[in-house]
Amino acid sequence: MSIAKGREITISALKYNPRDKASKPTFVDYKLEETPGMTLFIALTKIREELDADLSFDFVCRAGICGSCGMVVNGKPVLACRTLIANFPEGKLQLMPMPAFDLIKDLSVNTGKWMDAMSVKVESWIVNNEEVDITKMESKVDPDVADETFELDRCIECGICVASCGTKLMRPDFVGPVGLNRVARFEVDPHDERTAEDFYELIGDDNGIFGCMSLLACEDHCPKHLPLQNKIAYLRRKLVALK
Amino acid sequence: MKINYCDALVIGGGLAGLRAGVAAQKKGLNTVVLSLVPVKRSHSAAAQGGMQASLGNSKMSDGDNEDLHFADTVKGSDWGCDQEVARMFVHTAPKAIRELAAWGVPWTRVREGSREAIINAKKTTITEDGDRAGLIMSRDFGGTKKWRTCYTADATGHTMLFGVANEALKHKVDVRDRKEAISLIHEDNRCYGAIVRDLITGELEAYVAKGTCIATGGYGRVFKQTTNAVICEGIGAAIALETGIATLGNMEAVQFHPTPIVPSGILLTEGCRGDGGILRDVDGHRFMPDYEPEKKELASRDVVSRRMIEHIRNGKGVPSPYGDHIWLDISILGREHIEKNLRDVQEICQIFNGIDPADEGKAGWAPVLPMQHYSMGGIRTNPTGESQTLNGLFSCGEACCWDMHGFNRLGGNSVSETVVAGMIIGNYFADYCLENDVTIGTKTIQKALDAQDTYLDEILAYEGTEDIFRIKNRMQNLMDQKVGIFRDGTGLAEAVDELEELLKKTKQINVKSKSRVGNPELEEAYRVPKMLKIALCVAKGGRERTESRGAHYREDFLKRDDANWLNRTLTSWPDPDQTTPTIAYQELDIMTMEMPPAFRGYGAKGMIIEHELSEKRQIEVDELSEKLQSEGKDRHEIQDALMSFDLPMNYREKNERAGDK
């Protein structure tokens, strides 16, 4: 079977290198032929190999698992690797780097630095004073509770919720939906000994649970469909009851 | 010159590197972990199906133990593995999974009562006992005697990686991302760290340490069709090779996974078949039982991959614009099971192929084809993870060949290896860093840094006509076509010759942007020659190895040849100007094996050229086992008498199980 010639598409990408004084933010248009099943990963790789070797962007798994490739496509933050060109009937895609993170170059932003700082701020790990003897049986966990913890642990820290967040625009130190979800995750986990009071210490302010304005673009855009609305509301009710 | 001093330097921030980093930090060492990408984005996250550990909690895994896991691993390796290392691994795996549970990995747990499962395409009822409820659950994977693969739905690698990465943050391990090690600093046969390029600023820095541990994963991207992430380019192994001192082991041992989806190459987990999914041909016929009546879809990966291609060659493939493929049918598992346990698989099929695999009948079948998946080869080390030739250089995880997988790895043994090796080797590595000092002068460090600085300028000054992306694509296609699932002497020889030419051509390129900052083409220009050296190790090792063993399959030498090839390939690159690697071999000693070479129990029969010592050792093993048994010794004592092994920390202690009497 032969592959019929695809339509011509236009990808318009923002180019800017903040480390180069001569560089100014500009959109550059790339025209290429669509191939069957083409994703933005395939298209951008082709652009770099054939049209512009200087275009910077980030991909790792290219399968929607690692969360590296968040970018703003026609105004919406998405995972580029899971973005099919076929879903754009006009054949025009405008790409911009995600806001809210430090720009590295072009479409590449520093989500790693932001997520590490968030993780440290909300102490995104198990807190437990008991030293576990790993030669002995593991402690039992209710299968439903394990499943519930897993549901919230599915977050890949891609940053799309942060790029979608209105509160983050107003409060630069806001931990973001991702940070609140991390807390919700440890709140469910029976291995974690922290109490509601402990979590209040971490997120009981306007940069935490009380900052959210409930615009909820985070949930609209989350590529993992995490229940952010419910969990943020739950945490807020729980923590507001403390004071 | 910017020099960063630390006690322990780990290069690579996936599961293995992070766990090794935690081990070093916990021993009081100032530990730095360098990573190409934010560590939670490492390729470890892509491991879907699960982690093997012989807990024996669930009904279908009851009675499991280290001995069974060991036997499966050795058979899987086609007797190529180091059996001492396999023992160290299986003994530590239950401890690793229990440690991860305590670190918050939300393992799927045993649920009391009856459930329906699909086994051999038939509905079967499995009933779990109440006293096991809440313990860690396991599923079936290929090549295993028991259901041993523990999981968190089909996002196991992701939850493990987040658990370990957050634990590293908790212990204040100094994790630095977007840092690429481009050469190792060494003097008098000892490694002292690395020259590192900052991928944001382009700046070169030296990281100097008492010990260095490379955990950069595999080299799948030297192939075109691969499930591997784009960062799995084998650069860690390449910088070890480029010292001219460190050796790489069994580089020709490359695994092809049976079920990546066509055409994107994204993996659909072995859990699909483990949970009861089946393979169908152009007629919708389930063909695996015709080839492998016993194990069917769940023979080891090398065997299933070859059978699929064999069936396609017999004219039974499904034609498509991307060539022939096979169907994977998981619709028979039912929508409920898929939407709970194989959700990522469903999402991948929906997003990338517009298929809902839960739809009944043909509409739900996913197109699959074997592609490169795992690198059994890597930096050759002792069982402690230290290079056999370059002191102070350690390696763990997929980057390492210590060597627990031999010529084929079992599904579920890789993520398991990452954390287990991070624990074992991480501790041996930490001990080395505690016992040794940095004794290198700044002049030597300066020299190492200057060499890389000059090299990058040299690359930018090339004024040739070749294109680095074209060279890379040609290498990848060549590896697929001539160094793939089926290999032969002619194709391998052609591959070696052309790869050598390509390596020479990497100096005849022209990098368009001359900037040292944020220049993706420059990155390709210094990485591709390293990748070509790795590809040459794979191709030349494959050309020389005139037998078929595990994933290395020679159509001109169909038999596993224990008489001549029960050895490990060692490749090195002693002279920077040479254009193919130097090859040597290391014999495997049958007389110290706990399990002397035999038939694997799957794959074609009568395909072994036996070694005279195999039978002799088997008699010895049998006699000693019987004698000790009659003396009332337990399985641990018998094992110890056959082949003793050591472990650090308290890892040598016995593993408690629910089934213990």
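To find a chain, count down the sequence lines: A is the first, B the second, and so on, and within it residues start at 1.
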Side chain, backbone, both or neither: which part of [X] has a non-hydrogen atom closer than 4.5 Å to chain B?
| X | result |
| --- | --- |
| A:E151 | side chain |
| A:S68 | both |
| A:V60 | both |
| A:F57 | neither |
| A:D54 | both |
| A:R48 | both |
| A:S139 | backbone |
| A:D147 | side chain |
| A:K105 | side chain |
| A:L55 | backbone |
| A:R154 | both |

If you look at every heavy atom in [X] and [Y], which pair is closest and at what distance?
| X | Y | answer |
| --- | --- | --- |
| B:H158 | A:I156 | CE1-CG2, 3.7 Å |
| A:W125 | B:L169 | CZ3-CB, 3.9 Å |
| B:R178 | A:N110 | NE-OD1, 4.4 Å |
| B:F469 | A:A53 | CE1-CB, 3.8 Å |

Of the backbone (N, CA, C, O) and the side chain (C-beta and beyond), which part of [X] lies under 4.5 Å from a heavy atom of chain A, both, or neither?
| X | value |
| --- | --- |
| B:A96 | neither |
| B:V110 | backbone |
| B:R652 | neither |
| B:T227 | backbone |
| B:M423 | side chain |
| B:N650 | both |
| B:L55 | side chain |
| B:D344 | side chain |
| B:E112 | neither |
| B:K654 | backbone |
| B:I348 | side chain |
| B:S264 | backbone |

Does [X] reach the side chain of [Y], with side-chain heavy atoms less than 4.5 Å apart?
| X | Y | answer |
| --- | --- | --- |
| A:R185 | B:P106 | yes |
| B:V517 | A:D20 | no |
| A:I65 | B:E347 | no |
| A:V132 | B:W103 | no |
| B:K40 | A:S119 | yes |
| A:T111 | B:R41 | yes |
| B:N57 | A:M137 | yes |
| A:S124 | B:F162 | no |

For B:D131, is there any backbone N or O sitting under 3.5 Å from a side-chain donor or acceptor partner on A:K140?
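Yes: the side chain of A:K140 pairs with the backbone of B:D131.
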Donor-acceptor contact below 3.5 Å, side chain B:H43 vs main chain A:C66
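It does not hold such a pair.
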Among the options [options], pick out the one with the most heavy-atom pairs lying under 4.5 Å from chain B.
| options | answer |
| --- | --- |
| A:S56, A:G112, A:P143 | A:P143 |
| A:E123, A:K224, A:K136 | A:K136 |
| A:I104, A:N128, A:D142 | A:I104 |
| A:E130, A:M115, A:R182 | A:R182 |

Nearest 0.5 Å, what's the [atom1]-[atom2] distance between [X] and [Y]?
| X | Y | atom1 | atom2 | result |
| --- | --- | --- | --- | --- |
| B:I266 | A:T39 | CD1 | OG1 | 7.5 Å |
| A:I134 | B:N655 | CD1 | CG | 8.5 Å |
| B:R109 | A:F150 | CZ | CZ | 14.0 Å |

Using a cut-off of under 4.5 Å for heavy-atom pairs, which of [options] has the most such pairs with chain A?
| options | result |
| --- | --- |
| B:T108, B:D177, B:I200 | B:I200 |
| B:P38, B:G104, B:A45 | B:G104 |
| B:S513, B:P94, B:A658 | B:A658 |
| B:G265, B:A155, B:S515, B:G323 | B:G265 |
| B:L267, B:D660, B:N473, B:V105 | B:N473 |
| B:I97, B:N228, B:I351 | B:I351 |

Might you confirm whether atom [atom1] of [X] has over 12 heavy atoms from other residues, nucleotides or ligands at distances under 6.0 Å?
| X | atom1 | value |
| --- | --- | --- |
| B:K172 | NZ | no |
| A:R19 | CZ | yes |
| A:K24 | NZ | no |
| A:K113 | NZ | no |

Salt bridge present between [X] and [Y] (N-O < 4.0 angstrom):
| X | Y | answer |
| --- | --- | --- |
| A:D144 | B:R111 | yes |
| A:E138 | B:R98 | yes |
| B:K472 | A:E49 | no |

Side chain to side chain contact (heavy atoms under 4.5 Å, CB included) for A:T135 and B:E656? Distances and angles first, verdict last.
CA-CA 6 Å; A:T135 66; B:E656 190 184 41; over 6 Å; no
